[in-house]
Amino acid sequence: MRIAFFDSGLGGLTVLSAAMKELPHEDFLFYADTLHVPYGTKAKEDVKSYIHHAMETIMKEEVKAIVVACNTATSMAISDLRKAYPIPVIGMEPAVKPAVEINRSSGKRILVLATPLTLKESKYRDLVRRVDSMHIVDSLPLPELVEHCEALNFDQKVMNAYFTKQFESFDMNEYGTIVLGCTHYPFYKRILSDLLPDHIRMIDGSKGTVNRLIQVLSDKDLLSSSGRQDVKLLNSCHSMEYTEKMKKALSIYREREIEK
C-alpha cells in the first residue's frame, strides 16, 4: 500500500522529496488538484469542497496514510479529514515554533512567508499566539509565488526582482529566520539564500511533517522494511502534460537538495 501526498499543485513535492529520502522502502502516491490550483487565494468554503473531493479520489487508491502536503489545506480542513477517514491523516503547519526556539536568544525577528488564506486562518493565528511570547513573528503573504512555481519559473533575475519588491518594506538585518510557510516556496530556497543576508536561515515544515508521519506509521506497525521505492503521480485534470511537469519539478528539487 502507498503513502499518499496531496496538494493543490507542485508544492507538496517538496514534502514528498523529504519522505522519499527518509523512507526508501515505501511506495508513494502524489495527487495534485490541478483543476483548482492555487488554493491560497480562493474562498474558504470553495477550498474545503475541493479538498474533500480530492480526498475521495485518493481513497479510491490503495493507501495506508495521507499527508496533506499543503499548509492552506491543513489550516482549512485537517480536523474534518481526520474524522472522515479511517487511515492516518498527517497535516502540516508553518514552522513557527522551531523558528521561535532558534531566535529566542538572538533577538532577531522571524518572517513567515505563506499564502493569504493560511495567514488569515485562526489555526495560524492561534499557533503564533501560542508560541510567540516575545512578539518577534511577522507575516508576509506571497500569493504570486505559487503561480511562479507552477510555471516552473526559476529564473534568478526575474525572481530576484520579485523578492526584492516583496521585501522592500522590511529591514532584513532585523531578521534571523525566514519560515517558508507554503510547500511551493522551498523551490526558491537557493534563489532566496543568494539574495538574503548570510545570517538569515530558512526553515520549512517538511522535516517535522515527515518525522510525524514516520512516528504514526511506526506506532501502527505500518512501516515497510523492504521493497523498492515507487512513486505514482496523479492530477485532477488527468493531464499527461502536467504529470511530466510534476516529474520535472520533483527532479529539479531533489537535485538542488543533493547539491546543498
Side-chain angles (χ1 to χ4, degrees), residues 1-23 25-40 42 44-97 114-115 117-118 121-124 126-127 130 181-184 186 204-224 229-236 246:
M1 297 182 79
R2 296 177 187 269
I3 302 169
F5 286 71
F6 158 62
D7 188 23
S8 61
L10 300 174
L13 293 171
T14 61
V15 192
L16 172 63
S17 176
M20 290 171 70
K21 183 178 178 181
E22 297 298 326
L23 295 166
H25 302 300
E26 297 289 349
D27 292 334
F28 300 100
L29 180 148
F30 186 87
Y31 182 87
D33 187 12
T34 44
L35 282 172
H36 304 113
V37 64
Y39 283 172
K42 292 185 169 63
K44 179 177 178 177
E45 290 309 312
D46 289 341
V47 173
K48 277 190 166 186
S49 174
Y50 304 152
I51 293 166
H52 282 283
H53 187 268
M55 293 290 283
E56 288 169 9
T57 303
I58 291 167
M59 288 299 293
K60 293 174 183 175
E61 305 283 330
E62 290 190 354
V63 297
K64 60 184 178 182
I66 298 175
V67 178
V68 183
C70 172
N71 289 278
T72 300
T74 299
S75 65
M76 293 287 98
I78 194 66
S79 296
D80 293 341
L81 297 179
R82 285 174 176 154
K83 292 173 186 173
Y85 298 100
I87 62 175
V89 180
I90 312 297
M92 62 189 307
E93 63 185 14
V96 178
K97 184 177 180 181
T115 68
L117 203 49
T118 293
E121 276 303 293
S122 58
K123 191 174 191 297
Y124 172 74
D126 290 345
L127 169 65
R130 191 169 68 247
C182 167
T183 54
H184 283 79
D204 63 74
S206 295
K207 184 176 181 181
T209 300
V210 172
N211 287 344
R212 177 61 182 157
L213 170 67
I214 293 170
Q215 179 186 346
V216 169
L217 292 178
S218 178
D219 289 347
K220 295 183 177 294
D221 199 24
L222 291 172
L223 283 172
S224 297
Q229 195 174 81
D230 181 71
V231 180
K232 182 177 182 179
L233 301 174
L234 299 175
N235 65 83
S236 57
M246 286 194 282

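In this text the structure is predicted, and so the values were computed from the model without any measurement.
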Checklist entry - Are side-chain heavy atoms of H52 and D80 found at a separation under 4.5 Å? => result yes

Checklist entry - Which heavy atom in K123 sits nearest to a heavy atom in S75, and how many Å separate them? => result CD-CA, 3.6 Å

Next on the checklist: Using every non-hydrogen atom in the two residues, find where A19 and V210 come nearest and quote the distance to one decimal.
Outcome noted: N-CG2, 3.7 Å

Checklist entry - So, the side chain of T57 versus the backbone of H53: is there a donor-acceptor pair under 3.5 Å, distance only? => result yes

Item to check | Pair R2 + D230, salt bridge at N-O below 4.0 Å | outcome: yes

Checklist entry - Taking side chain as C-beta onward, heavy atoms only, is V96 less than 4.5 Å from Y124? => result yes

Next on the checklist: To the nearest 0.5 Å, what is the distance between CG on L13 and CG on L233?
Outcome noted: 7.0 Å

Next on the checklist: Within the structure provided, determine whether M59 and P86 are in side-chain contact (heavy-atom separation under 4.5 Å).
Outcome noted: yes

Item to check | Atom NZ of K97 with >12 non-hydrogen neighbours under 6.0 angstrom | outcome: no

Checklist outcome for this item: Between the CD1 atom in I66 and the CG atom in L29, the distance rounded to the nearest 0.5 Å is 9.0 Å

Item to check | Sidechain N-carboxylate O distance under 4.0 Å for K64, E26 | outcome: yes

Checklist entry - Any donor and acceptor pair, going by atom type alone, linking the side chain of T209 with main-chain N or O of G205 inside 3.5 Å? => result yes

Checklist entry - Hey, does L127 have a side-chain heavy atom less than 4.5 Å from the side chain of R130? => result yes

Checklist entry - Residues two or more places apart in sequence or in another chain: which of them pass side-chain hydrogen bond (donor to acceptor under 3.5 Å, both in side chains) with K42? => result none

Checklist entry - What do the steps show when you test F6 against I58 for side chain to side chain contact (heavy atoms under 4.5 Å, CB included), and what is the final call? => result CA-CA 8 Å; F6 158 62; I58 291 167; 3.7 Å; yes

Next on the checklist: Please check: side-chain N/O of T74 versus main-chain N/O of E93, any donor-acceptor pairing under 3.5 Å?
Outcome noted: no

Checklist entry - Taking it one step at a time, do L213 and E22 satisfy side chain to side chain contact (heavy atoms under 4.5 Å, CB included)? => result CA-CA 10 Å; L213 170 67; E22 297 298 326; over 6 Å; no

Item to check | Point-to-point distance, once rounded to the nearest 0.5 Å, from CD1 of I87 to CG of L222 | outcome: 9.5 Å

Checklist outcome for this item: To the nearest 0.5 Å, atom CG of L16 lies from atom CG of L10 at 12.0 Å

Next on the checklist: What's the separation between atom CZ in F30 and atom OG in S17, rounded to the nearest 0.5 Å?
Outcome noted: 11.0 Å

Next on the checklist: For S206 versus A18, what's the shortest heavy-atom pair and its separation?
Outcome noted: CB-CB, 4.2 Å

Checklist entry - Between the side chain of S236 and the main-chain N/O of T34, is any donor-acceptor distance below 3.5 Å? => result yes

Next on the checklist: As a quick check of understanding, evaluate side chain to side chain contact (heavy atoms under 4.5 Å, CB included) for L23 and L223, giving each step before the final call.
Outcome noted: CA-CA 9 Å; L23 295 166; L223 283 172; 3.8 Å; yes

Item to check | Option among T118, D7, D33, T115 that satisfies the side chain to side chain donor-acceptor pair (under 3.5 Å) test with Y39 | outcome: D33

Item to check | Pairwise distance CD(Q229) to OG(S224) - rounded to 0.5 angstrom | outcome: 11.0 Å

Item to check | pair V63-Y31: side-chain heavy atoms closer than 4.5 Å | outcome: no

Checklist entry - Does the side chain of V67 come within less than 4.5 Å of R212's, by heavy atoms? => result no

Next on the checklist: Quick check: closest heavy atoms across P186 and T14, and the distance to 0.1 Å?
Outcome noted: CB-CG2, 4.0 Å

Item to check | H184 side chain reached by S8 side chain, heavy atoms, under 4.5 Å | outcome: yes

Next on the checklist: Determine whether V68 and V89 satisfy the following criterion, side chain to side chain contact (heavy atoms under 4.5 Å, CB included), listing intermediate values before the conclusion.
Outcome noted: CA-CA 7 Å; V68 183; V89 180; 3.8 Å; yes

Checklist outcome for this item: On a heavy-atom basis, the closest approach of L217 and A65 is CD2-CB, 3.9 Å

Checklist entry - So, the side chain of T72 versus the backbone of G40: is there a donor-acceptor pair under 3.5 Å, distance only? => result no

